*Asks:* 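Got a structure here, written out as structure tokens. Questions coming.
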Protein chains: 4
Amino acid sequence: MWLRIDPRQAKPLYLQVVDGVKEAVAKEALKAGDRLPSVRELAATMTLNPNTVAKAYQELEREGVIEVIRGRGTFVAKPGARPHKEEQLNAMKEMMKQVWVEAQHLGLSTPDFLELIRAWTAEWDGAKGRESRGSSH
Amino acid sequence: MWLRIDPRQAKPLYLQVVDGVKEAVAKEALKAGDRLPSVRELAATMTLNPNTVAKAYQELEREGVIEVIRGRGTFVAKPGARPHKEEQLNAMKEMMKQVWVEAQHLGLSTPDFLELIRAWTAEWDGAKGRESRGSSH
Amino acid sequence: MWLRIDPRQAKPLYLQVVDGVKEAVAKEALKAGDRLPSVRELAATMTLNPNTVAKAYQELEREGVIEVIRGRGTFVAKPGARPHKEEQLNAMKEMMKQVWVEAQHLGLSTPDFLELIRAWTAEWDGAKGRESRGSSH
Amino acid sequence: MWLRIDPRQAKPLYLQVVDGVKEAVAKEALKAGDRLPSVRELAATMTLNPNTVAKAYQELEREGVIEVIRGRGTFVAKPGARPHKEEQLNAMKEMMKQVWVEAQHLGLSTPDFLELIRAWTAEWDGAKGRESRGSSH
DNA sequence: GTGGTCTAGACCACT
DNA sequence: GTGGTCTAGACCACC
């Protein structure tokens, strides 16, 4: 399964679902057109409240990651046509700044920092397609 | 002032203070040994409740960013001797993964992604010392 | 009840809660997976302010003694995987040194001192499981 | 010098002085009849406020560790004749219980725990007389 | 003056 | 229902 939920984490459950789906798509464990489990199915297999899953799906749809077709199911959307590009770039920069601040406090030099990121992205890129059983977290 | 608080953001106020101080230290707008405003002062200038500031300062002390000297005030700690290095590296990787996932969804290629980060870090590194005004957030 | 709070003691109330819970876990009056009273419940039964209990619970979570599951409650964590082992051993040694200093001032010989500790630990070990009533404080 | 003060520690400065003197006496770096520095001297060499040192000396006198002879100075008291024996034994047991609780949380077995204490006391006993330049803390 | 603790009471997000 | 955050205002120990 391309999703792992841990109720002990501080991150809200619905957000874990959102980020988990997005990660699966990024790692190509889920591809455009793939069908997602129904709200009820996912809730059952992950032992979540259906409301929690529904909220996650709503958020994913709002971000343009998935498409809900009434009566047919839920599908991974085609890339492109993502709304809010501007917003998301800003959010990304903000998150990136936080990462950078942490790196400074850990005493990482800029070259070491960039090299670390290069290695990590290589790892994640390498995981593409290979069913997303990821080393991290 | 090296701190900007926005009560409309979703991020809790005390966390904005924590991250703001850490960013100021990373950008060297605050240096080891510098005295921070007292809890009451900062609360007044930022129009926050003193308890909110106190909570932020306690968190910063736990992370080893600042040192509290009873009855005398709060000071930026010397770098090095930061506890929890392992955990913080893991947290950093987790955050970085999220950034990477977002980048994938924005359709950024890995080289473009790395170049973007390189440019951002150059910008932040360049801000060091220059009293941290501008560009961010 | 496995907790006794005395507002006349010098020790802060929230710390009494923290230490009380840790003692209950050590004496196995609380076991891994057991649910703790909710913040409001404990506050009511102990006639404390909910904020005080919340602060204690947060500290216990930071120390890895309990786990908070959002919207569901608070539970005793599994042992092992306790963070900060090193620091805690140092803190233990420091406290132990204080005990030893006191013993010297009371004129206890080292063998007498060790025998006293042996007896006390036997007493506390013996209390395990037996619902933690008695002897203490 | 048999005293080390660190204003960054959470422990109040006057208590650091109290405990430092008691430790020096326990380790026989200070012996009965030895003259202590005057309040002003100690305050100057330790860069403390004289009020802080005075408070510490008062507490030490209350506990029967030192004797102040007006016009002559302050001296380490003879052992025996310590007041509050009962109290102090209780306090010791309470502190010891805390140490034991921490040990339980670190997963130490009772024999390991006792052995650890035996080793530590041997170390401190061994330091007696040798000018108290101690490994710990 | 400093930070630390505590109470009271409110609002919110999450499940 | 749960815990998390925030405000307001008080008291205290320490320096």
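Note that the coordinates shown come from a computational prediction; the quantities given were computed from them, not determined experimentally.
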*Asks:* Starting from the 5' end of DNA chain E, give me the residue, Arg72(C) or Arg35(B), whose nearest nucleotide shows up first.
*Replies:*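 Counting from the 5' end, the first nearest nucleotide belongs to Arg35(B).
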
*Asks:* Given dC14(F), is OP1 or OP2 found less than 4.0 Å from the side-chain N or O atoms of Tyr14(D)?
*Replies:*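 So the side-chain polar atoms of Tyr14(D) do come within 4.0 Å of the phosphate oxygens OP1 or OP2 of dC14(F), strictly under.
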
*Asks:* When you get a sec, tell me which of dG4(F), dG3(E), dT7(E) is the closest nucleotide to the side chain of Asn49(C)?
*Replies:*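 Shortest atom-to-atom distance from the side chain points to dT7(E).
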
*Asks:* On DNA chain E, check which nucleotide each of Arg70(B) and Gly71(C) is closest to and give me the residue with the more 5' one.
*Replies:*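 By nearest-heavy-atom nucleotide position, the 5'-most residue is Arg70(B).
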
*Asks:* Is any N or O donor-acceptor pair between the side chain of Arg40(B) and the base of dG3(E) shorter than 3.5 Å?
*Replies:*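 Such a pair is found, so the answer is yes.
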
*Asks:* Whole angstrom is fine here: how far is it from CG in Leu60(C) over to P in dG3(F)?
*Replies:*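 For the pair Leu60(C) CG and dG3(F) P, the rounded distance is 13 Å.
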
*Asks:* Round to a whole Å and report the spacing from CG of Leu42(C) to P of dT2(F).
*Replies:*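 The answer, rounded to whole Å, is 12 Å.
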
*Asks:* When all nucleic acid strands are considered with a 4.0 Å heavy-atom cut-off, which category describes Ile69(C): base, sugar-phosphate, or nothing?
*Replies:*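 Nothing, no heavy atom under 4.0 Å.
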
*Asks:* Of all the nucleotides listed (dT7(E), dC6(F), dT15(E)), which has the minimum atom distance to the side chain of Thr52(A)?
*Replies:*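 The listed nucleotide nearest to Thr52(A)'s side chain is dT15(E).
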
*Asks:* Quick check: do Gln88(C) and Glu63(C) have side-chain heavy atoms less than 4.5 Å from each other?
*Replies:*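 A side-chain contact under 4.5 Å exists here.
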
*Asks:* I want to verify a distance call: between dG3(E), dG3(F), dC6(E), whose nearest atom is closest to the Thr74(B) side chain?
*Replies:*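 Selected nucleotide (nearest to the side chain): dG3(E).
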
*Asks:* Hunt down any stem DNA chain E takes part in, defined as 3 or more consecutive Watson-Crick or G-U pairs whose two distances are each under 3.5 Å.
*Replies:*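 Stems (3+ consecutive pairs) listed as E:1-14 with F:1-14.
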
*Asks:* Nearest whole angstrom, please: distance from the P of dG4(F) to the CD of Glu59(C).
*Replies:*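 The distance from CD of Glu59(C) to P of dG4(F) comes to 13 Å, rounded to the nearest Å.
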
*Asks:* Go through dT5(E), dC14(F), dC6(E) for me and flag the one nearest to the Lys55(D) side chain.
*Replies:*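 The listed nucleotide nearest to Lys55(D)'s side chain is dC14(F).
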
*Asks:* Would Lys78(C) and Glu67(C) pass as an ion pair if we require N to O under 4.0 Å?
*Replies:*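 Looking at Glu67(C) together with Lys78(C), the answer is no, because their closest N to O distance does not fall below 4.0 Å.
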
*Asks:* What is the distance, to the nearest angstrom, from the CD atom on Glu67(B) to the P atom on dG3(E)?
*Replies:*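 About 14 Å, once rounded to whole Å.
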
*Asks:* Are Lys11(B) and Asp19(B) ion-paired here, with the side-chain N under 4.0 Å from a carboxylate O?
*Replies:*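 Looking at Lys11(B) and Asp19(B), the cut-off is met.
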
*Asks:* Can you check whether Glu102(D) reaches Gln98(D) side chain to side chain, under 4.5 Å on heavy atoms?
*Replies:*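 Not in contact.
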
*Asks:* Give every donor-acceptor pair under 3.5 Å between a side-chain atom in residues 44-56 of chain C and any protein atom, sequence neighbours left out.
*Replies:*
from     : atom 1 : to       : atom 2 : distance (Å)
Thr45(C) : OG1    : Glu41(C) : O      : 3.4
Thr45(C) : OG1    : Leu42(C) : O      : 3.2
Asn49(C) : OD1    : Asn51(C) : N      : 2.8

*Asks:* Considering only side-chain heavy atoms of Leu13(B), which listed nucleotide, dT7(F), dT2(F), dC15(F), is closest?
*Replies:*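 Given the options dT7(F), dT2(F), dC15(F), the side chain of Leu13(B) is closest to dT7(F).
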
*Asks:* Rounding to a whole Å, what distance do you find between Gln9(A):CD and dG4(F):P?
*Replies:*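 It works out to 15 Å between those atoms.
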
*Asks:* Separation of Arg8(C) atom CZ from dC6(E) atom C1', in whole Å?
*Replies:*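 Between C1' of dC6(E) and CZ of Arg8(C): 18 Å.
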
*Asks:* Are the side chain of His105(C) and the backbone N or O of Lys22(D) linked by a donor-acceptor pair below 3.5 Å?
*Replies:*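 Judged by distance alone, yes, a pair lies under 3.5 Å.
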
*Asks:* Does dG3(F) have OP1 or OP2 under 4.0 Å away from a side-chain N or O of Gln58(C)?
*Replies:*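 No.
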
*Asks:* Which sits closer to the 5' end of DNA chain F, Leu48(B) or Glu61(C), going by the nucleotide each is nearest to?
*Replies:*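 Going by which nucleotide is closer to the 5' end, it is Glu61(C).
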
*Asks:* Can Glu59(A) and Arg62(A) be counted as an ion pair, charged N to O under 4.0 angstrom?
*Replies:*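 Looking at Glu59(A) and Arg62(A), the cut-off is met.
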
*Asks:* Hey, which of Leu36(C), Val39(C), Thr74(C) is the one that makes side-chain contact (heavy atoms from CB on, under 4.5 Å) with Val68(C)?
*Replies:*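 For Val68(C), the side-chain contact (heavy atoms from CB on, under 4.5 Å) check succeeds only for Thr74(C).
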
*Asks:* Quickly work out the Lys11(C) NZ to dC6(E) P distance and round it to whole Å.
*Replies:*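 From Lys11(C) NZ to dC6(E) P: 12 Å.
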
*Asks:* Has the side chain of Asn51(C) got a donor or acceptor atom sitting under 3.5 Å from an opposite partner on the base of dG3(F)?
*Replies:*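 No such pair is found, so the answer is no.
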
*Asks:* When the distance from CD1 of Ile5(C) to P of dT5(E) is rounded to whole Å, what number comes out?
*Replies:*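 From Ile5(C) CD1 to dT5(E) P: 15 Å.
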
*Asks:* Do the side-chain N or O atoms of Ser38(B) get closer than 4.0 angstrom to the phosphate oxygens (OP1, OP2) of dT2(E)?
*Replies:*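 For dT2(E), OP1/OP2 do have a side-chain N/O of Ser38(B) under 4.0 Å.
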
*Asks:* More 5' along DNA chain F: Leu15(D) or Val68(C), using each one's nearest nucleotide?
*Replies:*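 That would be Val68(C).
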
